[in-house]
Amino acid sequence: MTFLPESTLEQALLDQLQGLGYSLMRGDAIGPDGDQPERTNHQEVILTHRLTRAVARLNPSVPAEARADAIRQLTQTE
């Protein structure tokens with residue numbers, strides 16, 4: 001069985017996402033010490049601000065309270 005290095009797989013996926021129109025940002029740029037921090041620590045996996053905007057954009061007819069509840073359920077840790 002042939003194994004791909006993680007970096008090869010990562011780059012292939014990043015290239016595919018860019019091909020679909022996604023913009024990419026380096027983790028060190030959006031990390032807590034970065035130029036454009038989007039998380040308070042490196043253990044945060046979900047970028048809540050981005051998730052909130054996406055949920056609102058994709059579900060404009062859903063009441064804000066229901067969208068907020070869905071986000072709470074997605075981001076709860078226990």
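What you are looking at is a predicted structure, and each value in this text was computed from that prediction instead of being measured. All values below come from the heavy atoms of this structure, side chains included, with hydrogens, waters and symmetry mates left out.
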- Query: In terms of hydrophobic clustering (I, L, V, M, F, W, Y; side-chain heavy atoms under 4.5 Å; direct or indirect links), are Leu47 and Met25 co-clustered?
  - Reply: yes

- Rounded to the nearest 0.5 Å, what separation is found between the CD atom of Gln11 and the CD atom of Gln18? 7.5 Å

- Message: Tell me which pairs pass side-chain hydrogen bond (donor to acceptor under 3.5 Å, both in side chains) where either residue lies in residues 65-75, with sequence neighbours left out.
- Response: Asp69-Gln73

- Task: Might you work through the side-chain contact (heavy atoms from CB on, under 4.5 Å) test for Leu9 and Glu6, ending with a clear yes or no?
- Result: CA-CA 5 Å; Leu9 179 60; Glu6 181 181 346; 5.8 Å; no

- Message: With a 4.5 Å cut-off on side-chain heavy atoms, are Glu10 and Leu13 touching?
- Response: no

- Task: Taking the side chain as every heavy atom from C-beta outward, state whether His49 and Thr52 have any pair of such atoms under 4.5 Å apart.
- Result: no

- Residues that, via side-chain heavy atoms closer than 4.5 angstrom, fall in one hydrophobic cluster with Leu51: Ile46, Val55, Ile71, Leu74

- Query: What are the two closest heavy atoms between Val62 and Ala66, and how far apart are they?
  - Reply: CG1-CB, 3.6 Å

- Please name the pair of heavy atoms, one in Pro37 and one in Pro32, separated by the smallest distance, quoted to 0.1 Å. CB-O, 3.9 Å

- Please answer whether the main-chain N or O of Gly31 pairs with a side-chain N or O of Asp28 as donor and acceptor at a distance below 3.5 Å. no

